[in-house]
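For reference, the structure discussed in these notes is given below.
Order of appearance sets the numbers: ligands from 1, and atoms from 1 within every ligand.
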Amino acid sequence: MRILLIGSGGREHSLAWKIAQSPLLEQLWVAPGNPGTALHGTNVDFDVSNSAAVVAFAKEHEVSLTVIGPEVPLVAGLADDLRDAGILVFGPSKAAAELEGSKAYCKEVMSRHRIPTGGHRLFRNVSAAISYLESDLRYPVVVKASGLAAGKGVVIAESPEVAKEAVRNMIERKAFGDAGDVVLVEEFINGYETSAFCLTDGKTFIPLETCQDHKALLDGGKGPNTGGMGVISPNAKISDRMHEAIEREVMLPTLHGMNHEGRRFQGVLFAGLMMTAVGPKVLEYNVRFGDPECQVLMMRFQSDLVPYLEACANGTLEELEAPIWDSRAACSVVLASEGYPAAYKTAIPISGIDAIEQDETLQVFHAGTALDRKGQLITTGGRVLAVTALGETMGEARDRAYAACDAIEFEGKTLRRDIGRAAADSFHHAK
Ligand code: GLY
């Protein structure tokens, strides 16, 4: 197959790494890609927000499948433009991607199709939101920008002052641009978080292994929310019974609901969940692989990924067997720039990666990196790299990931030290 992969993050590096192992692959292009994806395919530097350019490239190079990694082009409708041009696509339509593009729409879907989630109110107006926040509410509450904010538009507010400041930041100061024109104030749900994924062609779905993201910047879940500072898989707290509840109470009704809404979902559906005493509750949906969740999933996915991507795109998923998973534990630790998720410096030289022995059990996936004119690897983003390692135990996976993290150097390198620590203490073997 001739595959075009869209994106440039750690997610896309891990997808490129996995796709490149497929015996079905003839050629892989990654647009725009990063220095990591260039190890597994050909990076092509064009503006992926220009869908006419993507379609023209795909036609000219006889691309047989396009895989869209990030949410922004999905929400903008790139999948529709490619499908209209007769090109097979892994990724949902613009209408289906609204599940992530608008948290207001996502709440409507959950309400119409009885999918468990927290109570919420929507606001466009600061003074209405402030009156509500000053009413007899139980704190903390969660304040969310309705639109896309790269995982940063969520504030858990312990007090009315913090909540009001978050609302002003989103609506008045436009901290997230138009994404904050509508703000949700949500009930804070107690429980523990898990990320659930399924591959789907809109008729059949295949659940993927469980993961646990670590969204806060600092150890112990402190500090601001980020796109994710590290992930473990499996999430050993999720029993088989809970896994079934997630499928029955969340995944199935969501996919049926989307069909009912005339917005068939094809691609990967990612539900961010809080597991509570009364079962799973949806915090949010994403319409793509999580990052860094994708990195642990790709390292544990032992089957050939390409037939699954193709079957989601062409509606033949029911013909495939469930994939085989590596029973080992996986731990992924993100190395970020100092200052992330706020402002950070770029163009800082990175060293130490070449000395790390990489194989199918340990990979350094690139996210915000580039090569400068002299060929030196430098930082270009907030999340710079992530090290993902497998181990017989979560403790071993974690030790291996952190040893590699310590071998990589760049000024201001910022990482959490507790990814997988609690799981390592309580969990000895993946299965
Ligand atoms: N790691 C969370 C996300 O990708 O949205």
Side-chain angles (χ1 to χ4, degrees), residues 5-15 34 67-75 91-92 97-103 106 142 144-156 176 179 184 192-199 208-218 221 223-235 238 250 254 267-275 282-300 330-336 340-341 365-368 381-388 401 414-416 418-420:
L5 171 62
I6 305 289
S8 62
R11 166 182 45 222
E12 287 75 27
H13 185 178
S14 65
L15 285 168
N34 64 35
V67 179
I68 304 177
E71 62 277 19
V72 172
L74 291 166
V75 169
E98 218 185 334
L99 262 190
E100 178 167 359
S102 162
K103 293 194 171 64
C106 152
V142 185
K144 286 184 182 170
S146 176
L148 293 182
K152 294 170 218 158
V154 177
V155 174
I156 297 167
F176 304 106
L184 286 80
Y192 54 91
E193 248 184 285
T194 194
S195 303
F197 296 85
C198 71
L199 295 175
L208 303 183
E209 275 283 339
T210 52
C211 310
Q212 186 188 12
D213 194 10
H214 296 68
K215 286 212 178 65
L217 178 69
L218 305 174
N225 248 31
T226 69
M229 294 298 290
V231 162
I232 57 168
S233 177
N235 183 348
I238 304 299
V250 176
T254 306
V268 57
L269 179 66
F270 163 9
L273 302 171
M274 193 63 87
M275 302 304 292
V282 178
L283 300 174
E284 63 178 21
Y285 293 108
N286 297 302
V287 299
R288 36 82 192 171
F289 281 107
D291 196 5
E293 287 95 326
C294 190
Q295 306 181 32
V296 288
L297 290 173
M298 290 306 109
M299 291 211 43
R300 295 192 59 216
C331 179
S332 177
V333 180
V334 169
L335 303 179
Y340 173 78
F365 291 121
H366 291 237
R383 292 189 293 173
V384 177
L385 298 158
V387 178
T388 303
T414 300
L415 68 161
R416 276 181 67 159
D418 64 346
I419 308 299

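The minimum heavy-atom distance between Gly101 and Val75, with the atom names listed, is CA-CG2, 3.9 Å.
Looking at residues two or more places apart in sequence or on another chain, you find a ring-ring contact (aromatic ring centres under 6.0 Å, His included) between His366 and His13. Residues passing the ring-ring contact (aromatic ring centres under 6.0 Å, His included) test with Phe270 are Phe197, sequence neighbours excluded. Partners of Lys103 by salt bridge (charged side-chain N to carboxylate O under 4.0 Å, His left out), not counting sequence neighbours: none found.
Without hydrogens or angle criteria, Arg300 side chain to Ala330 main chain gives no donor-acceptor distance under 3.5 Å.
Protein neighbours of ligand 1 below 4.0 Å, counting non-hydrogen atoms: Asp213, Gly227, Phe270, Asn286, Arg288, Gly290, Asp291, Glu293.
Checking Ser195 against Glu293 by side-chain atom types alone, a donor-acceptor pair falls below 3.5 Å.
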